[in-house]
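Notes follow once the structure below has been shown.
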Amino acid sequence: MALSTGRFGKYDPQNPTKDRITDIGPRHYWENFPPVIQKNYGKWLYHEIVEPGVLVHVSETGDKVYTVRCGSPRLMTAQHIREICDIADKYCDGYVRFTTRNNIEFIVDSLEKVEALKKDLWSRKFVSGSYKFPIGGTGASITNIVHTQGYVHCHTPATDASSLVKAVMDELFDYFTGMTLPAKVRVAVACCLNMCGAVHCSDIALLGIHRKPPIIDHEVIDQVCELPLVISSCPLGAISPDKTPEGRRTLKIKVERCMFCGNCYTMCPALPIADKEGDGVAILVGGKISNAVSEPKFSKVVVAYLPNNFPRFPEVVQTVKKIVEVYASDARKHERLGDWAERIGWEKFFEKTGIPFTEHLIDDYRLAYDTFRTSTQFKFTEAAWNVCKAAGGID
Ligand code: HEM
Ligand code: HEM
Ligand code: SF4
Ligand code: SF4
């Protein structure tokens, strides 16, 4: 592919600031609105979900727009984007949009066009068999999984994002194309506890974790790292200054204080922490970001560790499936997963899902006290006794 020779000519490495364009910001969104959206901007009266993946919005001018939403893998080739553009050219006068969960939305103005578009979208498959544009993700469904870079691009992951997401979405596919749940279930993945994205506020969250402390490369650490920065990066104060036998400046880590967050590695390349056996996936549940019915909630850890069993993560996938199935059969209409767990009580959540309660799930960080039970209200379950045992109480 040729270098740009546009308005300002070719980039000249000898003179890098010549003709340099900067601080121009993104294109104004108005330019990319379909005319019908421009015309009815701010005038929408109501909307309905026609069927899974298809919405209709009705304006006070009488105009109607139909939106067909389909899944995307987020990580995509330019070739795939060109195919999206071809579809948009064919049915939508060249307009298309992506959602905040990286689904694709095609907008048309009649039900006949919806039918033709649906038929076309469902007919497109990758050579290996996966749908290119599965339709769904609306209403009480499991829509796309917000996720991160994993081994594709980041240097701090404890698991992979794209492969884990593919494995989970394959298993939950019928929930994407249907609207059979009590309420929407948001699933998110982050490959380390930097939590890029939405894991801390999702109904179900899969999070890459380490279980071993970093290795210290004493040979290079004082050359490649700013040591005070590294010391102050540790949430537990586990890192302190040290000297090698040769008298070089280095750091030491109090291993019994380290909880393997990997923050110090983010600051310092001489503290690698990734480990094949140690690394894996934790599962959190019960977060939400909307203010509907209840306040927004953080998700809570319910499974401390499952192995990184590449490429299909069977243990993780089965646990997620189980949580969704139990929630789907037990929760009330409109009840988000966190609302349900709080109503029945977390000991009942563990009993119903069959997830074992371990000491890892008991908060022990600074404000932990507020998460303990300062009440005699609880239900007699095996899980409640396990909490008691895990906390060192009566057994
Ligand atoms: C070592 C630290 C980090 C590195 C090297 C890193 C690197 C990157 C890179 C290369 C991208 C892709 C950018 C692109 O596609 O143009 C990205 C996207 C992103 N990062 Fe980070 N990042 C880091 C930490 C974080 C943290 C701490 C957060 C949030 C608290 C975060 C949130 C995001 C989000 C939301 C995206 C966009 C994802 C998407 O659009 O699909 N990142 N990051
Ligand atoms: C008043 C403040 C905010 C509101 C109303 C808001 C609202 C939303 C909504 C409605 C979504 C889409 C969720 C979904 O489709 O399930 C979303 C996604 C997201 N939000 Fe926020 N948000 C707010 C603040 C923040 C802040 C402060 C951060 C980061 C520090 C953040 C990070 C994200 C990320 C990473 C996503 C996922 C984006 C994606 O999938 O492309 N949000 N937010
Ligand atoms: S969650 Fe962690 S490992 Fe994953 S992309 Fe973000 S910083 Fe990298
Ligand atoms: S991994 Fe986290 S807890 Fe352990 S030493 Fe580094 S910053 Fe501290």
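Both ligands and their constituent atoms are indexed starting at 1 by order of listing. Nothing here was measured: the structure is a model prediction, and the numbers come from that model.
For R211 and Y305, the positive end sits near the middle of the six-membered ring, less than 6.0 Å away and at most 45° from its axis.
Interface atoms of ligand 3 facing T148, defined by a heavy-atom separation under 4.0 Å, are 1 (S), 4 (Fe), 5 (S). Per-residue contacts place Q149 under 4.0 angstrom from the following atoms of ligand 3 (heavy atoms of the residue considered): 5 (S). The distance from ligand 4 to the heavy atoms of I239 drops below 4.0 Å at these ligand atoms: 5 (S). Close contacts between ligand 3 and C154 involve ligand atoms 3 (S), 5 (S), 7 (S), 8 (Fe) [criterion: under 4.0 Å to a heavy atom]. Close approach to C196 involves these atoms of ligand 3, each under 4.0 Å from a residue heavy atom: 1 (S), 6 (Fe), 7 (S). Ligand-side atoms of ligand 3 in range of T156: 2 (Fe), 3 (S), 7 (S), 8 (Fe), range being under 4.0 angstrom from any heavy atom. Atoms of ligand 3 found under 4.0 Å from any heavy atom of C192, numbered from 1 in the order shown, are 1 (S), 2 (Fe), 3 (S), 4 (Fe), 7 (S). Counting atoms of ligand 3 from 1 in the listed order, those under 4.0 Å from a heavy atom of P157 are 3 (S).
Heavy atoms of other residues, nucleotides or ligands lying less than 6.0 angstrom from CD of E256 number more than 12. Around CZ of F126, the count of heavy atoms belonging to other residues, nucleotides or ligands within 6.0 Å exceeds 12.
Using modelled atom types, one finds no donor on one side chain facing an acceptor on the other under 3.5 Å when comparing S59 with K64. Side-chain atoms of D160 and S163 include a donor-acceptor pair closer than 3.5 Å. With no hydrogens or angles considered, no side-chain donor-acceptor pair links N308 and D279 at under 3.5 Å.
In this model, C225 has its SG atom within less than 2.5 Å of the SG atom of C268.
When heavy-atom distances to ligand 3 are checked against a 4.0 Å cut-off, N194 comes that close only through its side chain, counted from C-beta outward.
For atom 1 (S) of ligand 4, the closest non-hydrogen atom on the protein side is G262 N, 3.2 Å. The protein non-hydrogen atom at the shortest distance from atom 3 (S) of ligand 4 is M259 N, 3.5 Å. In this structure, atom 2 (Fe) of ligand 4 lies nearest to the protein heavy atom C261 SG, 2.3 Å. Nearest protein neighbour of atom 8 (Fe) of ligand 4, counting heavy atoms only, is C234 SG, 2.3 Å.
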(request) Kindly indicate, with the supporting measurements, whether the criterion salt bridge (Lys or Arg N to Asp or Glu O under 4.0 Å) is fulfilled by K297 and D339. (result) CA-CA 9 Å; K297 300 182 209 294; D339 296 329; 3.0 Å; yes
(message) Please evaluate residues N102 and N144 with respect to the criterion side chain to side chain donor-acceptor pair (under 3.5 Å), reporting the C-alpha separation (whole Å), side-chain torsions for both, the decisive distance (0.1 Å), and the verdict.
(response) CA-CA 7 Å; N102 304 298; N144 215 353; over 6 Å; no
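Scanning C268, C258, C264, P214 for the heavy atom closest to atom 4 (Fe) of ligand 4 points to C258.
Taking 4.5 Å as the limit, some side-chain heavy atom of R312 sits within range of a side-chain heavy atom of D170.
Distances from ligand 4 to the non-hydrogen atoms of P213 include no value under 4.0 Å.
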